[in-house]
2 protein chains.
Amino acid sequence: MSRADTSRRGSRPGRAGIRDVAAAAGVSITTVSDALNGKGRLPDATRRHVREVAERLGYRPSAAARTLRTGKSGLIGLTVTTYGDEPFTFTEFAYFAEMARAATSAALARGYALVILPATSRRSPVDVWSNVALDGTVVVDPSDHDPVVTELIRQGLPVVSDGRPPGTLPVTAWVDNDHEAAVTGILDHLAEAGARRIGLLTGTTTDTYTRLSTTAYLRWCERVGQDPVYEAYPAHDPCAGAVAADRLLARPDRPDAVYGLFDPNGTDLLAAARRYGLRVPEDLLLVCCSESAVYAGTEPPITTLSLKPRRIGTAVVQLLIDAIEGVAPEKPVEQVIPTELIVRTSSQRRPPRTTVSPPRVPEET
Amino acid sequence: MSRADTSRRGSRPGRAGIRDVAAAAGVSITTVSDALNGKGRLPDATRRHVREVAERLGYRPSAAARTLRTGKSGLIGLTVTTYGDEPFTFTEFAYFAEMARAATSAALARGYALVILPATSRRSPVDVWSNVALDGTVVVDPSDHDPVVTELIRQGLPVVSDGRPPGTLPVTAWVDNDHEAAVTGILDHLAEAGARRIGLLTGTTTDTYTRLSTTAYLRWCERVGQDPVYEAYPAHDPCAGAVAADRLLARPDRPDAVYGLFDPNGTDLLAAARRYGLRVPEDLLLVCCSESAVYAGTEPPITTLSLKPRRIGTAVVQLLIDAIEGVAPEKPVEQVIPTELIVRTSSQRRPPRTTVSPPRVPEET
DNA sequence: CCCGTTGACAGATACGTTTCTGCAAGGTCA
DNA sequence: TGACCTTGCAGAAACGTATCTGTCAACGGG
């Protein structure tokens, strides 16, 4: 028993450690680490030999040990403020899904992975947040004085938000659309198409998107001298949207054009218009904010505003990883992503050429 | 310099370690660990004191160190096989979004978090898979001989798949619908509503869902003596679906009822029917498999088959965590989730009472 | 012939926990 | 009064890696 007891201790069979590789290759642990990580000064022969032995043993470095040693985990948190009773609703609308998808792709391309985390740091039964080693976090639509964000920043972790942070929330960087400009552009577009009284379907929540969009609408109305006509409903309730759409079209001062702030508003408004015998676009012009492709196939196709969630998701992750790998900038970085208005039949009073359906062109999202 | 040099070494300021807490509380690190984790035999006074000191210092235990020591990370991988060129498409359809949402909720409720990972373990530039410590993995629709799944199983990690694993893929457990029964049920439903020739809109991919559904259709046709009428298209291409729907209705042996296997097929088929002047449901009965709520508001509302992705996502995670925390069962656990057919106007030749639109009832998904 | 330099590796330490083992003080029982 | 158990806590050994600090041989210049 001179040196035979260094074989393996309590490790589970099937998982080889760096020590096993070193022993099998006849070199030291240092050499194995350097050979596999491309560091140190090693002749190519040694490097190849070590790599070959590691491959043969099926060696996988322990992510936990590496994280502990280097301080980097390669993990990025992704969190969305909760709307209803569900802990999070990142797929409530197509926007979140697209944005999360793009963020995941961008992160993976740079060697990071996304961890989905709840917005509320409740302790039930353990706090998931403190159980995962994060290099940084993406926060979608943070609320004011968000305790999670504050705590993360206090720990020195970079936080990038999708959506302009409200109040004095000290995020590292943020990405957002110019919602005021988008709303103003849509209202101008509808007015140009002949709308005299434009209504708004908005939400009762106080998130930045809803707030900015609504005030932009009110300001536009004031500027052009139109009385505001809008209905607000809790955006997280799928049934409430249909009811609100109905209310809006049932008003005595019924609008002749409507912009809906949320994804399902298009179909809800279309259904409500059918119930009241209103033709779209002849009697009612329609635009809604959506990333869904179904509005290209409805009867009639509905004009939508795209917030470009893919570009936002990509930008957010790039900014975050830049902050993780580089030095965090002094002032928060702001990045504005332009929106895109996809004009379809529902917002054009005079169809471009003829009244029969034009040939479908492939939609690009 | 007798013992003063144990204060702090190279740790970043702002992050207190367990040693700092122990020193501040005047106890050993063992006592701190036991007090915070509810272990050991400590009087309540000591426990409270330690917790108070830890709170005051803002102590957060290092997840990496804990993972290294305990071997549990509290992280669950979530991966979806790639369809197109994108590394993954988990939000391609509403199904994946809903399923991922439910899986995340279920995981968080039990103290785990989900990490989104690519299906292909390509090395670009580093392998993300080996950079994250996982306790187990959820695989959606794994392909045959999936190298990632094989490697994970070889490492002794539990793997639960959404979708019956093809071939001899050795997963720990799996959850799926009874797709044959679902398709047969829909075809019976359509035949009962008066359909004489039922068509199918299916995919060219070889995943289990597409394969099982298509063969069930073919067997049903053989049983009732109908010639199969179907069109297949690459399901990951959003434009191809519209074209395939058009092709199906343009055939000389045009079907008088169609079942579409994928989410967007409903709107695509509806648009195609309008182009050919076919009334739904009078001239054409329509059913598609979808989780989207828009089909409750289309004109007419379209009957959909729900695969109950929330229940599947929940079940998959429960099974996986059971396997992580308990002893892995010898034989793979199989769990079948029933589907739900939401019958709407598009598949009822005779509307229930009257020809005017019935009052909308709140849909429950 | 000596010394400085460079290449190629090995030893040892630290990352921050959890937990096994140990140890004194005090109480109980024969 | 020992023997023995319980309580309340401390010491120290891992967990598996990355890296800092050597060490040793070869080598070339002066």
Side-chain angles (χ1 to χ4, degrees), chain A residues 3 5-12 14-23 25-50 54 57-74 126 130-133 155, chain B residues 3 5-12 14-23 25-50 54 57 59-74 126 130-133 135 155:
Chain A
R3 61 174 61 181
D5 49 1
T6 62
S7 56
R8 37 181 74 184
R9 257 165 289 250
S11 211
R12 293 283 172 273
R15 294 227 43 170
I18 197 175
R19 271 191 294 265
D20 305 308
V21 178
V27 295
S28 76
I29 298 178
T30 307
T31 305
V32 174
S33 179
D34 284 347
L36 295 180
N37 295 345
K39 303 192 173 181
R41 305 167 304 193
L42 301 178
D44 282 353
T46 309
R47 216 175 279 273
R48 269 199 308 273
H49 176 227
V50 169
L57 296 184
Y59 165 70
R60 298 278 173 236
S62 154
R66 173 176 301 182
T67 299
L68 179 59
R69 180 62 228 241
T70 64
K72 298 291 169 204
S73 66
V126 292
S130 63
N131 252 347
V132 42
Q155 291 180 20
Chain B
R3 62 174 61 182
D5 50 0
T6 61
S7 57
R8 35 181 78 182
R9 259 163 287 253
S11 211
R12 292 283 172 273
R15 295 230 39 172
I18 197 175
R19 268 191 297 264
D20 305 308
V21 178
V27 295
S28 76
I29 58 175
T30 306
T31 305
V32 175
S33 179
D34 284 347
L36 296 181
N37 295 345
K39 302 192 172 179
R41 306 167 302 193
L42 299 179
D44 282 352
T46 309
R47 219 176 276 274
R48 268 199 309 273
H49 176 226
V50 168
L57 296 185
Y59 167 69
R60 297 280 173 236
S62 153
R66 172 176 300 179
T67 300
L68 177 59
R69 178 63 229 244
T70 62
K72 298 291 171 202
S73 66
V126 292
S130 63
N131 253 347
V132 42
D135 288 346
Q155 291 181 20

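All chains are named by letter (A, B, ...) in the order of the sequence lines, taking the proteins before the strands, and each is independently numbered beginning at 1. Quick caveat, the model's predicted, so the values are computed rather than measured.
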> Please give, in whole Å, the distance from dT7(D) C1' to L42(B) CG?
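One finds 10 Å between C1' of dT7(D) and CG of L42(B), rounded.
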
> Would you say the side chain of L36(B) lies within less than 4.5 Å of the side chain of P61(B), judging by non-hydrogen atoms?
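No, side chains not in contact.
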
> H49(A) NE2 to dA8(C) C1': how many Å, rounded?
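Taking atom C1' of dA8(C) as the reference, NE2 of H49(A) is at 16 Å.
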
> Is the shortest heavy-atom distance from the side chain of R66(A) to the side chain of N131(B) under 4.5 Å?
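Yes, at least one pair of side-chain atoms sits under 4.5 Å.
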
> Can you identify which nucleotide, out of dG11(C), dT17(C), dC9(C), has its nearest atom closest to the T30(A) side chain?
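So the side chain of T30(A) is nearest to dG11(C).
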
> Rounding to an integer number of Å, can you tell me how far R19(A) CZ sits from dC15(D) C1'?
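After rounding, the reported distance stands at 8 Å.
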
> For the side chain of V27(A), counting heavy atoms from C-beta on, which of dG8(D), dA10(C), dC15(C) is nearest?
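Looking only at heavy atoms from C-beta outward on V27(A), the closest nucleotide is dA10(C).
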
> Within this structure, what is the CD1-CG distance for the pair I18(A) and L57(A), rounded to the nearest 0.5 Å?
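It comes to 12.0 Å.
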
> Set out, in order, the CA-CA distance, both residues' side-chain angles and the distance that settles side chain to side chain donor-acceptor pair (under 3.5 Å) for T31(B) and S28(B), then state yes or no.
CA-CA 5 Å; T31(B) 305; S28(B) 76; 3.2 Å; yes

> Between atom CG in L68(B) and atom P in dT17(D), what is the gap in whole Å?
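Nearest whole value for this atom pair: 9 Å.
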
> Does S62(A) put a side-chain nitrogen or oxygen below 4.0 Å from OP1 or OP2 of dG16(D)?
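No, outside the criterion.
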
> Would you mind reading off the distance between D44(A) atom CG and dC9(C) atom C1', rounded to a whole angstrom?
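Taking CG of D44(A) and C1' of dC9(C), I get 16 Å after rounding.
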
> Looking at N37(B) and D34(B), would you say the former's side chain and the latter's main chain have a donor-acceptor pair under 3.5 Å?
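No, N37(B) side chain to D34(B) backbone: no donor-acceptor pair under 3.5 Å.
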
> Quick one: is T46(B) getting a side-chain N or O under 4.0 Å of the dC9(D) phosphate, OP1 or OP2?
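Affirmative; the distance criterion is met.
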
> Under 4.0 Å between a side-chain N or O of T31(B) and OP1 or OP2 of dA10(D)?
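Yes, T31(B) has a side-chain N/O under 4.0 Å of OP1/OP2 on dA10(D).
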
> Does dA18(D) have its OP1 or OP2 closer than 4.0 Å to a side-chain nitrogen or oxygen of S33(A)?
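So the side-chain polar atoms of S33(A) do come within 4.0 Å of the phosphate oxygens OP1 or OP2 of dA18(D), strictly under.
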
> For the atom pair CD1 (I29(B)) and CG (D20(B)), what is the distance rounded to the nearest 0.5 Å?
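One gets 11.0 Å once the value is rounded to the nearest 0.5 Å.
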
> By nearest atom, which of the nucleotides dC15(C), dA10(C), dT19(D) is closest to the S28(A) side chain?
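Among the listed nucleotides, the one closest to the side chain of S28(A) is dA10(C).
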
> List for me each residue that meets side chain to side chain donor-acceptor pair (under 3.5 Å) alongside T67(B), sequence neighbours excluded, and say none if there are none.
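Residues passing side chain to side chain donor-acceptor pair (under 3.5 Å) with T67(B): none at all.
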
> Rounding to an integer number of Å, can you tell me how far N37(A) CG sits from dC20(D) P?
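It works out to 13 Å between those atoms.
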
> When you measure from the side-chain N and O atoms of K39(A) to the phosphate of dT19(D), is any distance below 4.0 Å, counting only OP1 and OP2?
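Yes.
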
> Would you tell me if any nitrogen or oxygen in the side chain of R66(A) comes within less than 4.0 Å of OP1 or OP2 on dA18(D)?
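For dA18(D), OP1/OP2 do have a side-chain N/O of R66(A) under 4.0 Å.
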
> Write down the distance between CD1 (I18(A)) and C1' (dA18(D)), rounded to a whole number of angstrom.
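Spelled out: CD1 on I18(A) to C1' on dA18(D) is 8 Å.
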
> How does each nucleotide of nucleotides 22-28 of chain C score, in 5' to 3' order, for protein heavy atoms under 4.0 Å: base (B), sugar-phosphate only (S), or none (-)?
-------

> Please report the distance, rounded to the nearest Å, between CZ in R69(A) and P in dT17(C).
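That distance rounds to 16 Å.
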
